[in-house]
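In listed order, ligands and their atoms are each counted from 1. Please read all numbers here as calculations on a predicted model, not as lab measurements. This chain uses plain numbering: 1 for the first residue, then up along the sequence.
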Amino acid sequence: MTPSQNWDLLWHSVKLACMNKGGSAYGLIEDGAIAVQDGTIAWAGSASELPGPAETLAREVRDGEGMCITPGLIDSHTHLVYAGNRAREFEMRLEGASYEELAKAGGGILSTVQATRNASEEALFEASKPRLMSLLEEGVTTVEIKSGYGLETETECRMLRVARKLESELPVSISTSFLGAHALPAEFQGRSDDYIDLVCGEMISEVAQQGLADAVDAFCEGIGFNLAQTERVFQAAGKHGLPVKLHAEQLSDLKGARLAAEYGAVSADHLEYIEEDGVTAMAESGTVANLLPGAFYFLRETKLPPLDLFRKHDVPVALATDCNPGSSPAESLLLMMNMGCTLFRMTPEEALAGVTRNAAKALGLDDRGVLEKGKRADLVIWDVEHPAELSYRFGVNPCNTVVQSGKIVRQFS
Ligand code: NIG
Ligand code: FE
């Protein structure tokens with residue numbers, strides 16, 4: 001047979017976990033092959049259906065030796081750009097202080113704000129880069145990064161510039177979120193509505209004008225902002241044409257997820273305290289439930305997010321690290337998959353969908369998250385026999401090769 005293709009790269013003898021909806025579990029293809037061309041997936045399917053002998057079809061042909069390929073992993077909720085750390089607070093919490101008490105006493109998020117305001121752009125970049133690199137080591141190819149430790153225009157913009165610079169220097173796609181409404185800065189004590197004026201006025205205008213944010217987030221909580229203030233932030237985002245998402249129902253049920261759904265939010269995140277009305281609202285608006293087991297674990301939360309309700313109403317569930325210095329100093333998305341299963345009782349297939357297909361949806365990205373012709377060629381080759389192993393093991397990194405946008409960017413053997 002004459003070669004009918006000239007793909008850049010082709011793997012055969014691989015097991016594909018395509019993660020597309022509706023088919024077999026994991027969208028699994030046992031004896032699969034996958035080809036990339038110009039940064040996108042040119043072909044994916046059963047090796048027996050390849051349009052000719054594998055070695056004639058691509059400039060480079062590789063034997064996957066039975067390894068497993070998944071879409072590149074997506075960490076859809078992080079605060080990984082910050083300065084300092086809060087190890088001392090961790091000690092205080094273990095001695096009995098609560099996360100909320102520390103926040104009310106001026107610690108918590110505000111202590112990271114102090115450190116971040118004092119850090120130069122370069123220092124912030126250098127502090128954040130290793131955290132991002134830890135994620136990439138495990139096959140992450142897309143990461144969301146929030147601002148929210150500046151709480152003043154200049155520092156918020158600096159954080160987002162650092163996030164953009166990380167994308168330009170490392171093999172990863174970064175999606176940025178402006179989180180000016182993360183906490184009330186000390187200089188606005190007792191004047192939270194005035195601070196929201198600043199967020200919705202000067203801050204968001206500057207961020208939008210400089211093209212620094214892909215979305216807008218807020219922290220709707222007793223120690224964050226109330227529902228009316230959150231709604232003002234959403235309206236300001238709408239004026240600038242930016243999609244919204246929300247930290248909602250992490251410590252109490254303020255009905256933030258319902259409001260987020262009303263504004264067509266891409267995701268509502270945390271959600272331990274959400275009730276069924278919030279879940280049905282999310283189902284109607286197609287809002288992703290973004291669960292953060294690292295924060296649940298680290299804050300020793302006992303109230304579980306209602307997985308049964310998300311399943312019942314067919315709300316897509318994502319999983320993310322929430323990488324941040326206060327509630328989840330986690331730099332492993334694989335560990336979050338294991339925790340999603342052990343702590344939240346997700347299935348390993350749900351956990352993998354949570355860091356691929358549903359994580360892409362949480363970022364409003366429809367060009368990735370599944371292995372299908374035409375999608376971005378962000379792939380990970382894992383030294384495992386079955387994709388369930390990715391959730392089953394912990395503290396182990398079976399990543400063999402990472403392909404980002406069609407290029408091999410990491411290879412371990
Ligand atoms: O997602 N909940 C609010 N924000 C972060 C925590 C930030 C911090 O404590 O520094 C979270 O848990
Ligand atoms: Fe968060």
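Taking Tyr99 as the reference, nothing meets the ring-ring contact (aromatic ring centres under 6.0 Å, His included) condition, with sequence neighbours excluded. Here Glu385 pairs with nothing under the salt bridge (charged side-chain N to carboxylate O under 4.0 Å, His left out) rule; sequence neighbours left out.
The number of protein N/O/S atoms found under 2.8 Å from the Fe ion (ligand 2) is 4.
Pocket lining of ligand 1, defined as residues with a non-hydrogen atom under 4.0 Å away: His77, His79, Arg86, Tyr99, Ile109, Tyr149, His182, Phe219, His247, Gln250, His270, Asp322, Asn324, Gly326, Ser327.
Taking the ring axis of Phe90 as reference, the NZ or CZ atom of Arg93 does not stay both within 45° of it and closer than 6.0 Å to the ring centre.
Between Arg376 and Ser405 there is a side-chain heavy-atom pair separated by less than 4.5 Å.
Rounding to the nearest 0.5 Å gives a distance of 8.5 Å between CD1 of Ile29 and CG of Leu371.
No option in Ser173, Ser175, Ser177 other than Ser177 meets the side chain to side chain donor-acceptor pair (under 3.5 Å) test with Glu144.
Using a 4.0 Å cut-off between charged side-chain N and carboxylate O, Arg258 and Asp277 make a salt bridge. Between Glu101 and Lys104 there is no salt bridge, since no side-chain nitrogen of the basic residue lies less than 4.0 Å from a carboxylate oxygen of the acidic one.
For the residue pair Glu187 and Tyr195, no side-chain donor N or O sits within less than 3.5 Å of a side-chain acceptor on the partner.
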